[in-house]
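Small disclaimer: the values here were computed from a predicted structure and weren't measured. Letters A, B, ... mirror the listed sequences (proteins, then strands); counts begin at 1.
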Number of protein chains: 2
Amino acid sequence: MLSVLLVEDDQDLADTIIEYLELEQISCHYASNGVAGLHLAEENRYDVLLLDLNLPRLDGLTLCRKLRDQGDDTPVLMLTARDELDDKLDGFRAGTDDYLVKPFELQELVVRIFALSRRRSGEAKKLSCADLEMNLQNHTITRQGTSIKLSPIGWKLLEVLLRASPGAVSRQELMEKVWGDDLPDSNSLKVHIFNLRKAVDGSFEPPLVHTITGHGFALSADKPV
Amino acid sequence: MLSVLLVEDDQDLADTIIEYLELEQISCHYASNGVAGLHLAEENRYDVLLLDLNLPRLDGLTLCRKLRDQGDDTPVLMLTARDELDDKLDGFRAGTDDYLVKPFELQELVVRIFALSRRRSGEAKKLSCADLEMNLQNHTITRQGTSIKLSPIGWKLLEVLLRASPGAVSRQELMEKVWGDDLPDSNSLKVHIFNLRKAVDGSFEPPLVHTITGHGFALSADKPV
DNA sequence: GCGAAGGTTAAGGGCAGGTTAACGGAGGGG
DNA sequence: CCCCTCCGTTAACCTGCCCTTAACCTTCGC
């Protein structure tokens with residue numbers, strides 16, 4: 001079930017939207033002004049943020065910019081009555097992902113919400129890095145055409161690394177994504193990384209799994225010297 | 001530089017778009033029918049695909065669906081003259097990410113392309129000073145394009161200096177930000193600054209790390225008096 | 001020219017990461 | 001119902017790198 005935050009000062013419109021979204025199985029938090037919206041966005045994790053441009057206390061553009069500056073990359077869909085090109089350009093410059101002009105069809109809002117959240121959660125059917133390829137559909141991994149076998153945890157580990165590739169993943173983040181809340185003794189990660197290396201880099205060149213001392217690991221074709 | 005694929009049968013419109021995109025530093029491949037577009041999309045890697053809905057031989061919707069079935073998750077922006085809600089819904093159902101109705105402003109097309117590609121590439125957060133660049137996402141540092149390796153403390157040191165750049169940071173502040181509460185003997189900072197200089201300024205000009213006698217250090221391209 | 005602040009160098013100890021093997025539980029097949 | 005296999009965890013050990021330290025040198029300010 002998707003979860004979105006709606007920040008909109010027009011109470012009637014907000015009610016209509018919320019009601020419609022609930023019908024589509026989208027859970028909806030609500031704030032009627034920018035400051036309240038910012039607090040909610042900071043405290044909770046949403047799939048998409050729906051921001052009105054004109055808001056009391058803190059306008060949608062500034063709100064979006066603040067979140068981006070804090071490193072929050074939740075997709076933002078800006079709702080506004082103004083169809084001026086300059087407004088749109090400003091919106092995208094502030095880090096907005098999409099822009100919908102009122103009045104709009106609720107159905108269009110819904111599909112755009114799905115499109116934004118889908119892109120974020122990565123509905124990709126394949127993940128790859130150099131000649132390594134993970135096929136999520138038939139649950140296979142190949143490198144240079146030859147198939148690779150991994151244990152469940154090894155799989156999950158590789159998936160997290162692939163999704164972040166070529167970015168790095170900190171040890172803590174890696175462990176949270178693989179094990180969830182109850183973490184095993186820290187040694188476990190070392191062993192699994194070791195096994196992953198043996199499977200992925202064991203008989204291939206160049207090595208793809210790289211250690212970033214004091215931080216975590218990364219998957220990439222070229223070695224960060 | 002971004003790279004996009006435009007599939008559009010209206011030659012005049014295509015020329016206009018391509019010309020404008022090139023001005024914005026977006027490289028553009030082009031196909032005038034769906035089948036050719038599919039081939040190009042399969043063979044090359046693009047940041048965004050711009051598909052016309054009505055195409056000879058293979059319409060944009062089917063093209064998009066085919067690519068998605070193959071596991072290709074390149075963002076798709078559908079261009080079309082039809083402003084019917086049902087068409088949009090079909091588009092998003094086929095795996096489209098955005099939908100722009102002709103006639104549209106070229107500037108809006110450009111910002112939407114940037115928004116889609118940014119979302120996909122994960123908007124790398126970077127800090128920089130002159131030709132020195134720290135990529136927080138990949139945990140890499142480059143100067144003049146060549147990569148630089150730093151120890152964890154060296155990294156942290158440089159990060160603090162970069163965030164303050166071109167301002168100065170006092171010794172005390174620097175040490176607090178790097179080590180937290182339990183500080184080592186004061187000599188340690190000297191050694192780490194020395195190593196940082198060796199890595200960052202060792203084989204480059206001009207030196208970026210500057211000493212401010214009696215105060216601390218600063219990072220900047222031009223030497224402070 | 002003197003003292004203090006900063007720069008340079010090398011050595012050693014500790015710790016993060018790598019490697020290996022053994023234990024134990026879960027799940028499937030006989 | 002038992003056995004076997006596979007997999008995750010754990011502990012123990014090894015290795016190499018990084019941080020620290022101390023000692024000495026250079027530069028700067030006065």
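If you take CG of B:Leu196 and P of C:dT8, they are 12 Å apart, rounded to a whole angstrom. What separates CD of B:Gln172 from P of C:dG6 is a distance of 13 Å, to the nearest Å. In this structure, B:Asn187 atom CG and C:dA10 atom C1' are separated by 13 Å, rounded to whole Å. Rounded to whole Å, the distance from CZ on A:Arg171 to P on C:dC15 is 16 Å. Atom CG in A:Asp201 sits about 11 Å away from atom P in C:dT19, given to the nearest Å. In this structure, CG of B:Leu150 is placed 13 Å from C1' of D:dC18, rounded to the nearest angstrom. In this entry the distance linking CH2 of A:Trp179 with P of D:dG8 reads 9 Å, nearest Å. For the pair A:Asn195 CG and D:dT9 C1', the interatomic distance rounds to 12 Å; values are reported in whole Å.
Residue contacts for B:Ile153: at a heavy-atom cut-off of 4.0 Å it reaches the sugar-phosphate backbone alone, with no base atom in range. When heavy atoms are screened at a 4.0 angstrom cut-off, B:Lys198 is found touching no nucleic acid atom at all.
Distance from the side chain of B:Pro152 is smallest to D:dC19 among C:dG18, C:dG7, D:dC19. Listed candidates were C:dT19, D:dT9, D:dC19. Nearest to the side chain of A:Phe194 is C:dT19. Checking C:dT8, D:dC7, D:dT9 against the side-chain heavy atoms of A:Val191 singles out D:dT9 as nearest.
The side chain of B:Thr211 places no N or O atom within less than 4.0 Å of a non-bridging phosphate oxygen (OP1 or OP2) of C:dA5. Proximity of B:Ser151 to the phosphate of D:dC19: a side-chain N or O atom is located under 4.0 Å from OP1 or OP2. An OP1 or OP2 oxygen of D:dG8 is reached within less than 4.0 angstrom by no side-chain nitrogen or oxygen of A:Lys156. Between A:His192 and D:dC7 there is no side-chain polar atom (N or O) within less than 4.0 angstrom of OP1 or OP2.
Heavy-atom distances to DNA chain D give each of B:Thr213 and A:Lys190 a nearest nucleotide, and the one nearer the 5′ end belongs to A:Lys190.
Axis deviation across the helix from C:dG1-D:dC30 to C:dG30-D:dC1 amounts to 30°, comparing end segments of five pairs, rounded to 10 degrees.
The existence of a salt bridge linking B:Asp69 and B:Lys66 is excluded, since no basic side-chain nitrogen approaches an acidic carboxylate oxygen closer than 4.0 Å. Taking 4.0 Å as the cut-off between side-chain N and carboxylate O, A:Arg68 and A:Asp97 count as a salt-bridged pair.
The aromatic ring centres of B:Trp155 and A:His215 sit 6.0 Å or more apart. For A:Phe217 and A:His210, the distance between ring centers is not under 6.0 angstrom.
No side-chain N or O of B:Arg112 forms a donor-acceptor pair with one of B:Ser117 less than 3.5 Å apart.
Using modelled atom types, one side-chain atom of A:Lys126 and one backbone atom of B:Gln70 make a donor-acceptor pair closer than 3.5 Å. The backbone N or O of A:Ser3 sits nowhere less than 3.5 Å from a side-chain atom of A:Arg45 that would complete a donor-acceptor pair.
Nearest heavy-atom pair, A:Thr96 versus B:Ala115, reported as atom, atom and distance to 0.1 Å: O-CB, 4.0 Å.
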